Trainee: 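Please see the structure below; I have some questions.
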There are 2 protein chains.
Amino acid sequence: MAEKVTPVLKSARKERQNLQSFFNIAVSVDCVIFGYDKNELFVLLRESELEEYQGLFSLMGDLVRPNEDLTEASYRILFERTGLQHVYMEQVHTFGKVDRHPTGRVITTAYFCLVNMQDQRLAIAGRDVDWYPVRKVKQLAFDHQEILQLCIRQLQERVMERPMIFHLLPTRFSLRELQSVYEAILGVELDRRNFRKRIALKDWITDTQTMEKEVSHRPGKLYQVKSGYLNTTQSYQ
Amino acid sequence: MAEKVTPVLKSARKERQNLQSFFNIAVSVDCVIFGYDKNELFVLLRESELEEYQGLFSLMGDLVRPNEDLTEASYRILFERTGLQHVYMEQVHTFGKVDRHPTGRVITTAYFCLVNMQDQRLAIAGRDVDWYPVRKVKQLAFDHQEILQLCIRQLQERVMERPMIFHLLPTRFSLRELQSVYEAILGVELDRRNFRKRIALKDWITDTQTMEKEVSHRPGKLYQVKSGYLNTTQSYQ
DNA sequence: TCAAAAGTGTTTGAACTACACCCATGT
DNA sequence: ACATGGGTGTAGTTCAAACACTTTTGA
């Protein structure tokens with residue numbers, strides 16, 4: 001094994017000339033931005049700018065700039081559309097069918113983001129974007145429906161395994177709220193007692209010694225995520 | 001919510017002109033091709049062609065052609081280097097740092113492939129590629145070490161959950177062989193009795209009513225994967 | 001006093017772990 | 001006879017699921 005063959009070495013500079021003709025696929029990033037409110041999972045959409053998709057909504061996407069890392073591009077798009085930074089983000093998949101974009105050959109890398117819809121810094125008013133309940137989204141421009149579905153699936157697969165759900169909630173939350181977010185994401189009802197035991201086992205959250213106020217029922221304890229579990233950065237880009 | 005804003009529509013044709021200046025990031029695919037032999041996990045590597053990485057090995061990669069889906073490109077690269085088709089393949093991650101490639105801006109999508117090193121159709125002799133034990137790979141060209149590590153991690157995370165490991169083995173195999181492949185991938189020793197129970201629970205394999213031959217110990221039963229578990233195609237590209 | 005959600009424990013089954021002995025074959 | 005791996009079962013633990021009643025608050 002491993003016989004050595006002496007290759008004809010190419011320098012990067014010479015190589016660049018040969019490659020120029022291949023620099024003709026555009027690269028984009030699409031952000032699937034999830035939020036949670038009133039027992040419902042929402043996704044941020046905007047109306048497609050393309051004639052071909054008039055009347056349809058699309059995800060937040062843009063081409064990657066020549067001097068921008070892929071993750072930088074994703075954070076830029078998020079910031080441009082929401083005013084938010086330091087948001088939880090995961091790369092999901094890269095979609096590369098030849099005909100997926102009518103403008104030309106564009107491959108796109110999909111990320112999902114989890115944001116707190118109550119965040120005061122969230123600035124979508126006056127922009128061409130809005131929140132839509134994920135359950136009601138039936139059709140999107142491009143292959144964005146497929147992208148959305150895969151992001152939901154990945155969110156569902158990971159949300160019980162890793163402490164990521166807290167990015168969707170305010171700093172302090174009740175166990176009831178936490179359970180409702182899980183139910184909205186997973187699309188199932190959970191048993192309250194089993195849920196509380198499971199969350200206790202994870203050891204992600206801590207009692208804040210405060211209670212809900214101004215609720216028309218017995219107030220619950222408020223919890224917060226333990227420090228160190230609100231990281232937004234990925235290991236790999 | 002969802003106030004409508006009337007956007008200025010752009011046609012795909014007009015849009016294409018605006019985008020031309022962005023068609024300047026190259027897109028590549030890197031295949032991490034895994035094989036198994038004699039209690040070891042191997043990866044297929046070749047010597048880097050670039051002066052900058054002289055003496056280092058690299059993964060099998062190439063630029064994506066303008067009329068080629070991302071997965072097509074990955075299968076083409078695999079076929080060019082191994083002569084194999086219809087191989088198990090999963091997309092892992094897309095790496096997009098600005099400076100990851102000395103030739104210019106190249107983002108790359110990594111796939112891992114599982115091949116049977118005993119496959120008669122495997123044709124790497126005379127090509128500039130060879131198998132290296134994964135454990136011994138310490139340094140690679142570009143960011144290929146990072147790509148390899150992430151592919152190994154994804155393989156490890158999924159190999160017990162999905163019936164993919166059989167692509168690394170001949171059609172018929174003993175439970176001992178199967179256990180050894182798991183051990184090579186996971187980097188741990190497994191208890192034989194517990195392993196057999198676990199595999200029985202998965203219900204992936206079936207007894208072939210044949211036995212090992214010409215082994216210098218008590219021969220074991222030979223098994224094969226149940227039909228339907230050797231799919232090579234992915235749901236998403 | 002009623003409505004609404006908070007809070008809490010037990011029982012069962014499934015799956016995983018650790019662990020030891022006899023069996024069949026080739027040399 | 002010996003070396004090598006084949007083949008098997010039990011006991012303990014952990015985790016998940018099913019399931020009901022009392023408590024606290026606001027209206």
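In what follows, every heavy atom counts, from backbone to side chain, and hydrogens, waters and symmetry copies are set aside. Numbered from 1 within each chain, the chains take letters A, B, ... in sequence-line order. Just so you know, these numbers come straight off a predicted model, no measurement behind them.
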Trainee: Pair A:Leu114, A:Glu90 - check side chain to side chain contact (heavy atoms under 4.5 Å, CB included), show working.
Mentor: CA-CA 9 Å; A:Leu114 303 180; A:Glu90 279 189 22; over 6 Å; no
Trainee: Categorize B:Arg176 for me: base, sugar-phosphate, or nothing, with a 4.0 angstrom heavy-atom threshold over every strand shown.
Mentor: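 Contact class for B:Arg176: sugar-phosphate only.
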Trainee: Which part of the nucleic acid, if any, lies within reach of B:Leu201 when heavy atoms closer than 4.0 Å are counted: base, sugar-phosphate only, or nothing?
Mentor: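 Sugar-phosphate contact only.
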Trainee: What verdict does the side-chain hydrogen bond (donor to acceptor under 3.5 Å, both in side chains) test give for A:Ser58 and A:Ser48, after you've listed the backbone C-alpha separation in whole Å, the side-chain angles of each residue and the deciding distance to 0.1 Å?
Mentor: CA-CA 6 Å; A:Ser58 71; A:Ser48 173; 5.1 Å; no
Trainee: Among A:Trp204, A:Tyr223, A:Phe166, A:Tyr36, exactly one meets ring pair (Phe, Tyr, Trp, His ring centres under 6.0 Å) together with A:Phe173. Which residue is that?
Mentor: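 Checked A:Trp204, A:Tyr223, A:Phe166, A:Tyr36 against A:Phe173; only one passes ring pair (Phe, Tyr, Trp, His ring centres under 6.0 Å): A:Phe166.
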Trainee: Can you find a heavy atom in the side chain of B:Phe195 that is under 4.5 Å from one in the side chain of B:Leu178?
Mentor: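 Result yes, sub-4.5 Å side-chain heavy-atom pair found.
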Trainee: To the nearest 0.5 Å, how far apart are CG in A:Asp30 and CD1 in A:Ile147?
Mentor: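 Those atoms lie 5.0 Å apart.
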Trainee: Nearest-nucleotide wise, let me know which of A:Asn194 and A:Gly220 is further upstream toward the 5' end of DNA chain C.
Mentor: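 Its nearest nucleotide being more 5', the pick is A:Gly220.
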Trainee: Between B:Val188 and B:Glu183, is a side chain to side chain contact (heavy atoms under 4.5 Å, CB included) present by the stated rule, with each step listed?
Mentor: CA-CA 5 Å; B:Val188 294; B:Glu183 288 175 335; 5.6 Å; no
Trainee: Just wondering, are more than 12 heavy atoms of other shown residues or ligands nearer than 6.0 Å to NE2 in B:His217?
Mentor: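 Counting other residues, nucleotides and ligands, NE2 of B:His217 exceeds 12 neighbours.
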Trainee: Tell me, please, the opening and closing nucleotides of DNA chain D, 5' to 3', among those with an atom under 4.0 angstrom from a non-hydrogen atom of chain B.
Mentor: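 For DNA chain D, the relevant span reads D:dT4 to D:dT10.
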Trainee: 5'-most contact on DNA chain C: A:Met211 or A:His217, nearest heavy atom basis?
Mentor: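 Counting from the 5' end, the first nearest nucleotide belongs to A:His217.
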Trainee: Begin from the C-alpha positions of A:Leu78 and A:Ile33 and carry the test side chain to side chain contact (heavy atoms under 4.5 Å, CB included) through to its verdict.
Mentor: CA-CA 8 Å; A:Leu78 177 80; A:Ile33 303 167; 3.5 Å; yes
Trainee: Could you check, using the six-membered ring where one of them is a Trp, whether B:Phe42 and B:Tyr132 have ring centers closer than 6.0 angstrom?
Mentor: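 No - the distance between ring centres of B:Phe42 and B:Tyr132 does not fall below the 6.0 Å cut-off.
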Trainee: Mapping A:Arg193 and B:Ser216 to their closest nucleotides on DNA chain D, which lands nearer the 5' end?
Mentor: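 Comparing both residues, the 5'-ward one is B:Ser216.
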Trainee: Just call it for A:Lys197: base, sugar-phosphate, or nothing, with non-hydrogen atoms closer than 4.0 Å on any strand.
Mentor: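 Base: the residue A:Lys197, judged by heavy atoms under 4.0 Å, touches a nucleobase.
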Trainee: Kindly determine whether B:Ile205 and B:Lys226 satisfy side chain to side chain contact (heavy atoms under 4.5 Å, CB included), including the steps that lead there.
Mentor: CA-CA 5 Å; B:Ile205 62 177; B:Lys226 289 190 173 180; 5.7 Å; no
Trainee: For the residue pair B:Val32 and B:Phe34, establish whether any side-chain heavy-atom pair is separated by less than 4.5 Å.
Mentor: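 Yes, close enough: below the 4.5 Å cut-off.
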Trainee: With heavy atoms of chain A within less than 4.0 Å as the criterion, where does contact along DNA chain C begin and end?
Mentor: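 First and last nucleotides in contact are C:dA4 to C:dT10.
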Trainee: Using heavy atoms and a sub-4.0 Å distance, could you list which residues of residues 154-161 of chain B are near DNA chain C? By number, please.
Mentor: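 Hits under 4.0 Å, by residue number: none.
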